[in-house]
Every structure is written in structure tokens, then in C-alpha cells.
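All remarks here apply to the structure that follows.
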Amino acid sequence: MQTQYFHVNKDKPDTSILAQAAVIIKQGGLVAFPTETVYGLAANGLDERAVSGIYQAKGRPSDNPLILHIADYCELAKLASSIPLNAKVLIEKFWPGPLTIVLKRTQAIPNIVTGGLDTVAIRMPDSTVARELIRLSGVPLAAPSANTSGRPSPTTAEAVLADLAGKIGAVIDAGPSNIGVESTVVDCTTPVPTLLRPGGVTLEMLIEVLGDIEIDPALGCENTVPKSPGMKYAHYAPNAPMYLLEGENSSQIDRLQREIKHHAVQGKKIGAIVSSETARLLPDNVLAADYGSRTSLEQVAANLYSALRKFDTDPVDIIFAEGVAETGLGLAVMNRLRKASAYRIIKV
Ligand code: TXA
Ligand code: MG
């Protein structure tokens with residue numbers, strides 16, 4: 001399959017170009033499109049066959065449900081059977097934006113979208129291009145991140161094509177995604193809403209609005225390390241084994257310098273996913289993927305996935321990553337770095 005390439009302006013997209021992409025969706029095809037978080041891979045969310053194409057193109061396990069993306073509030077009533085007060089409050093405050101809400105589903109949604117669950121994840125993206133594409137398609141768009149399953153999410157059209165060229169109908173390029181990590185997922189079917197995935201809307205922002213929120217224990221965001229690290233947890237993973245440093249920053253840098261010396265004498269090619277500040281301290285034999293200044297977690301989030309993908313084109317034998325503080329977007333960044341490292345964590 002030849003993957004068509006469309007380029008549009010992020011803020012004022014050419015409607016006639018987006019209409020061509022919408023035709024592909026209406027015909028049951030797949031279109032990768034930009035959102036403010038990461039690039040998504042869209043299909044008509046009400047068409048079972050179209051949605052099965054997403055799982056096929058990504059190599060995604062069929063029990064991992066998809067998010068439905070909407071552009072108008074009136075779509076919600078068709079997809080969710082009830083909208084509790086907490087969900088209304090979150091929608092009012094954070095839509096359109098990087099927040100996905102899990103609600104009880106209606107029968108309008110094919111089982112393949114929800115992985116057989118009785119709930120559905122819904123989000124209204126802030127990206128103009130994304131919302132225009134949804135409107136022109138005339139249906140909710142089922143869309144996971146547009147990467148091969150297990151690989152880092154794409155934040156550029158180039159990264160989408162690196163994984164999915166020839167497997168999808170088209171990609172719409174509107175430049176790099178602003179936020180760089182996926183949406184926050186909150187389950188609103190529990191008595192107290194539950195954070196299932198940290199993302200673009202921070203935990204602090206949620207607490208301010210909700211007062212109370214539970215955190216899914218499986219997140220490991222309270223410094224719990226899963227007992228059996230392994231394939232089950234490998235996710236967002238670069239192509240070489242990765243070790244994540246956690247702890248006070250100067251101790252991380254000391255340890256990084258020692259690890260570099262130790263592995264360099266063994267003749268290994270070393271990659272380091274680090275802040276700009278740390279990149280400047282590294283010896284020349286280390287290949288650095290710079291995720292920006294550690295004083296700006298926004299910058300770190302925006303650069304994270306391209307840093308994780310850097311070693312695809314510049315292969316190394318081993319990767320070390322510098323951890324950041326778990327405040328604000330740092331919670332999402334550390335969640336992704338831990339998964340990318342398959343929980344090979346070095347606490348200092
Ligand atoms: O920012 C984003 O959310 C991006 C863009 C494209 O919108 N999408 C994205 O989709 O990250 P995906 O499929 O890579 O991640 C969706 C997450 C998965 O962890 C999935 O298990 C969870 O949402 N999810 C989907 N439906 C669910 C449901 N009914 N209950 C619980 N979790 C659900
Ligand atoms: Mg994903």
C-alpha cells in the first residue's frame with residue numbers, strides 16, 4: 001500500500017486537504033493525524049472492520065482498548081450511557097485538551113473498540129487539525145498512538161512513517177506535537193475518579209478540580225517497582241537495553257559518569273537520554289539524546305519520544321536515561337521512562 005502524505009498548517013489547515021483524508025476514513029481506511037499530545041492512527045470508530053485495521057497495522061493486542069476522539073459535545077450522549085458529575089466537571093475544565101475520560105459505554109460502539117469492556121475511553125483533542133478531521137469524517141475516530149505496538153509514540157509525521165509507511169492510507173503532517181506525551185486517562189466509573197495514565201493534564205491540575213482522586217496501583221508512580229519486570233512491561237522501548245537513573249540529580253550524574261567509564265572499557269557504544277545540562281558534561285564517546293533543559297518539564301515532555309527514537313538511526317549497545325522530578329508533567333515523563341527501561345531502574 002502506498003501511504004499518501006498530506007501537509008497542513010497547524011492552526012489554519014487547508015480544509016480541502018483534510019477532506020481528502022476524511023474520504024479515506026469514510027471508506028474504512030487508516031489515517032495518521034496530529035494531535036496536541038502525540039500523532040494518532042485514526043479509523044471510523046463505528047466501523048468494526050476499519051478498527052480491526054488499526055490493530056493489524058500496529059500489531060496491537062486486541063484486548064487493549066482504543067480511545068474514541070470527538071469534536072462536538074453532542075457526540076458524547078451517543079457513546080456514553082451515563083455521565084457522572086465528576087466527569088462533567090473534568091470535561092468542563094479540560095476539554096478540548098489532553099484528557100481522556102473512561103465512562104460506561106452505549107451499544108453504538110463496536111466491541112472491538114473497547115476490547116470487550118463495558119466502558120469506553122473518550123477524548124476531545126485541542127488540536128485544530130484533529131478536530132477538523134473528526135468533523136469532516138462525520139464519525140468518532142478510534143485512534144491509538146500511531147506507532148508500532150511497544151515502540152515510543154510518534155510526535156512527528158516522520159516518526160509515524162518510520163513505523164507505519166506502507167501499512168496505512170495516509171499521514172497528515174502538521175509539525176511536531178506540542179505536549180509530547182499522551183493524554184491523561186481518568187476512569188470516572190469508580191466512586192472516586194481513578195488516574196489510569198498520567199499525561200498532558202497533570203495530577204496537580206486534577207486534584208485542584210476534583211479534590212480527591214485515586215491512583216491506579218499498577219502505575220508504579222508511588223515508587224513501587226513491579227516484582228517481575230519483563231516483556232509484559234516493555235513499552236515505549238528503544239532498540240537497545242535501557243537503564244533509568246532515579247534520585248538526586250548530582251548523584252545521578254556521578255553514577256552516570258561511572259557507568260560510562262565501566263561500559264566504555266568493555267568497548268560498548270553508549271547512548272544517554274539526558275537533559276541539556278547533563279549532555280554538556282558527557283565525554284565525546286557517548287551519544288547523547290538531549291531532551292532539553294531539566295528546568296522545563298514541558299520541554300522534557302515535548303522532546304521525550306524523539307529522544308527515545310534517536311538510537312533507532314544511531315544504534316548503541318546500551319542506554320542510560322536521566323530521571324526527572326515527579327511533579328507536573330514529570331509524573332508522565334517518569335512513567336514512560338520506567339516502561340521504556342522495562343523497569344531496569346538504578347536508584348542512587
Ligand atoms: O494522547 C492520546 O491519548 C493519544 C492521542 C492519539 O489521542 N492516544 C493514545 O492512545 O495514547 P493509546 O491507544 O496509545 O492509549 C490509550 C490508553 C491505553 O492505555 C488503553 O489501555 C486505555 O487508554 N484505555 C482505552 N480504553 C479504555 C477503557 N475503556 N478502560 C480503561 N482504559 C482504557
Ligand atoms: Mg500508545
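All ligand and atom numbering here is 1-based and tracks the order in the structure. Computed from a predicted model, the values in this text were never measured in an experiment.
The nearest non-hydrogen atom to atom 8 (N) of ligand 1, considering only A143, G40, A142, comes from A143. When the heavy atoms of I67, D187, V181 are ranked by distance to atom 16 (C) of ligand 1, first place goes to I67.
With ligand atoms numbered from 1 in the order given, ligand 1 contributes 1 (O), 2 (C), 11 (O) to contacts under 4.0 Å with heavy atoms of E182. Listed by number with element, the atoms of ligand 1 under 4.0 angstrom from any heavy atom of L66 are 25 (C), 26 (N). Heavy-atom proximity to L117, at under 4.0 Å, picks out these atoms of ligand 1: 28 (C), 29 (N), 30 (N).
Atom CD of Q2 is surrounded by 12 or fewer heavy atoms from other residues, nucleotides or ligands within 6.0 Å. Within 6.0 Å of NZ on K93 lie no more than 12 heavy atoms contributed by other residues, nucleotides or ligands. Within 6.0 Å of atom CD in Q266, more than 12 heavy atoms from other residues, nucleotides or ligands are found, so the atom counts as buried in its surroundings. Atom CZ of R49 is surrounded by 12 or fewer heavy atoms from other residues, nucleotides or ligands within 6.0 Å.
Scanning the protein heavy atoms around atom 3 (O) of ligand 1, the nearest turns out to be S183 OG, 2.5 Å. The shortest contact between atom 13 (O) of ligand 1 and any protein heavy atom is with R60 NH2, 2.9 Å. If you check which protein heavy atom lies closest to atom 9 (C) of ligand 1, you get S145 N, 3.7 Å. When hydrogens are left out, the protein atom nearest atom 32 (N) of ligand 1 is L196 CD1, 3.9 Å; that is the closest non-hydrogen contact. Here the heavy atom of the protein found nearest to atom 15 (O) of ligand 1 is R197 NH1, 3.1 Å. Among protein heavy atoms, atom 4 (C) of ligand 1 sits closest to V38 CG2, 3.8 Å. Annotation: atom 24 (N) of ligand 1 to nearest protein heavy atom, P65 CG, 3.9 Å. The protein atom (non-hydrogen) at minimum distance from atom 29 (N) of ligand 1 is T119 OG1, 3.0 Å.
Taking both residues in full, the closest heavy atoms of R123 and G97 are given as NH1-O, 3.0 Å, listed atom of the first, atom of the second, then distance.
The backbone N or O of L331 lies less than 3.5 Å from no partner atom in the side chain of N335, so there is not a single donor-acceptor pair. Using modelled atom types, no side-chain atom of Y39 and backbone atom of D173 make a donor-acceptor pair closer than 3.5 Å.
Only one option out of E277, Q299, E322 pairs with R294 in a side chain to side chain donor-acceptor pair (under 3.5 Å); it is E322.
Qualifying salt bridge (Lys or Arg N to Asp or Glu O under 4.0 Å) partners for R255, counting only residues two or more places apart in sequence or in other chains: E259.
Pairs of residues two or more places apart, or lying in two chains, that qualify as ring pair (Phe, Tyr, Trp, His ring centres under 6.0 Å) and include a residue from residues 300-319 are Y236-Y305.
By the criterion of a separation under 2.8 Å, the protein N/O/S atoms near the Mg ion (ligand 2) amount to S145 OG.
Salt bridge status for R197 with D216: absent, with no side-chain N to carboxylate O gap under 4.0 Å. A salt bridge links D312 to R151: one of the charged nitrogens lies within less than 4.0 Å of a carboxylate oxygen.
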Under 3.5 Å donor-acceptor pairs involving side-chain atoms of residues 17-26, not counting sequence neighbours:
| from | atom 1 | to | atom 2 | distance (Å) |
| --- | --- | --- | --- | --- |
| K26 | NZ | L136 | O | 3.4 |

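Checking only distances, H69 does come within under 3.5 Å of ligand 1, N or O to N or O.
The shortest heavy-atom distance from N64 to ligand 1 is under 4.0 Å. For R105, the heavy-atom gap to ligand 1 stays at 4.0 angstrom or more.
Taking the side chain as every heavy atom from C-beta outward, R336 and E182 approach each other to under 4.5 Å.
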